Amino acid sequence: MVSDPLDSLLDEIRRTVSAGDLAALPGLETRLAEALERLPPEPARLAALRRKAEGNLACLAAAARGVRAARRRLEEIRQAASGTVVVYDGHGRRAETRPEAAPRHRL
């Protein structure tokens with residue numbers, strides 16, 4: 001069986017996203033756009049490629065959620081280092097506060 005270049009490229013994109021190598025995606029996007037321009041309109045093949053692309057989209061969405069969560073966590077760490085602490089009340093509402101000063105003398 002002859003390997004389909006577009007199918008292989010979609011597999012490569014998924015591996016790249018799964019590995020967290022998001023910096024490589026622009027180059028892969030360029031290759032994907034070029035491959036799609038040469039794609040003949042064969043309904044069965046298009047359906048299979050669509051399913052694979054939709055799987056990649058789900059993988060990319062998960063990666064984006066992870067990046068956003070990491071950015072939020074880094075911001076919380078920066079705030080804590082600057083003296084601001086993020087806390088949550090009993091209803092899950094977020095608030096920022098400064099910790100109380102430590103006692104200046106030993107008891």
Side-chain angles (χ1 to χ4, degrees):
M1 178 176 210
V2 176
S3 176
D4 181 343
L6 187 54
D7 192 57
S8 297
L9 182 56
L10 289 172
D11 288 338
E12 184 179 351
I13 291 170
R14 185 173 191 99
R15 284 190 306 272
T16 300
V17 172
S18 295
D21 187 10
L22 303 182
L25 290 178
L28 292 172
E29 188 274 335
T30 300
R31 288 174 47 202
L32 180 62
E34 291 168 356
L36 288 172
E37 287 177 7
R38 295 186 305 269
L39 184 64
E42 300 170 13
R45 182 172 178 217
L46 292 175
L49 291 172
R50 177 181 294 267
R51 283 189 299 277
K52 188 169 275 201
E54 287 170 349
N56 284 357
L57 180 60
C59 198
L60 282 164
R65 287 191 303 273
V67 168
R68 283 191 300 273
R71 290 179 69 151
R72 281 191 304 270
R73 182 64 184 133
L74 286 171
E75 182 58 30
E76 288 173 358
I77 290 169
R78 277 190 217 102
Q79 286 177 344
S82 72
T84 302
V85 179
V86 176
V87 295
Y88 296 87
D89 68 12
H91 299 286
R93 289 182 297 239
R94 184 177 190 267
E96 294 178 5
T97 185
R98 292 202 171 274
E100 294 179 18
R104 294 182 185 249
H105 61 282
R106 293 178 69 167
L107 299 177

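Because the structure is predicted, anything quoted here is derived from the model rather than measured.
Partners of D21 according to the side-chain hydrogen bond (donor to acceptor under 3.5 Å, both in side chains) rule, which considers only residues two or more places apart in sequence or in another chain, do not exist here. Taking the side-chain hydrogen bond (donor to acceptor under 3.5 Å, both in side chains) definition, one finds that R50 meets it with nothing, sequence neighbours left out. For E29, there are no side-chain hydrogen bond (donor to acceptor under 3.5 Å, both in side chains) partners, not counting sequence neighbours. Residues passing the side-chain hydrogen bond (donor to acceptor under 3.5 Å, both in side chains) test with R31 are E12, sequence neighbours excluded.
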Show which side-chain atoms of residues 59-75 pair as donor or acceptor with protein atoms under 3.5 Å away, not counting sequence neighbours.
from: R73; atom 1: NH1; to: E76; atom 2: OE1; distance (Å): 3.3
from: E75; atom 1: OE1; to: R78; atom 2: NH1; distance (Å): 3.1

Can I get a per-line list of side-chain donor-acceptor pairs under 3.5 Å for residues 39-49, giving both atom names and the distance, sequence neighbours left out?
from: R45; atom 1: NE; to: D4; atom 2: OD2; distance (Å): 2.9
from: R45; atom 1: NH2; to: D4; atom 2: OD1; distance (Å): 2.8
from: R45; atom 1: NH2; to: D4; atom 2: OD2; distance (Å): 3.0

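A pairwise comparison of heavy atoms in L10 and N56 identifies O-ND2, 3.0 Å as the closest pair.
L22 is connected to I13 through a chain of hydrophobic side-chain contacts under 4.5 Å among Ile, Leu, Val, Met, Phe, Trp and Tyr, so both are in one cluster. A continuous path of ILVMFWY side-chain contacts below 4.5 Å connects L36 to L28, so both sit in one hydrophobic cluster.
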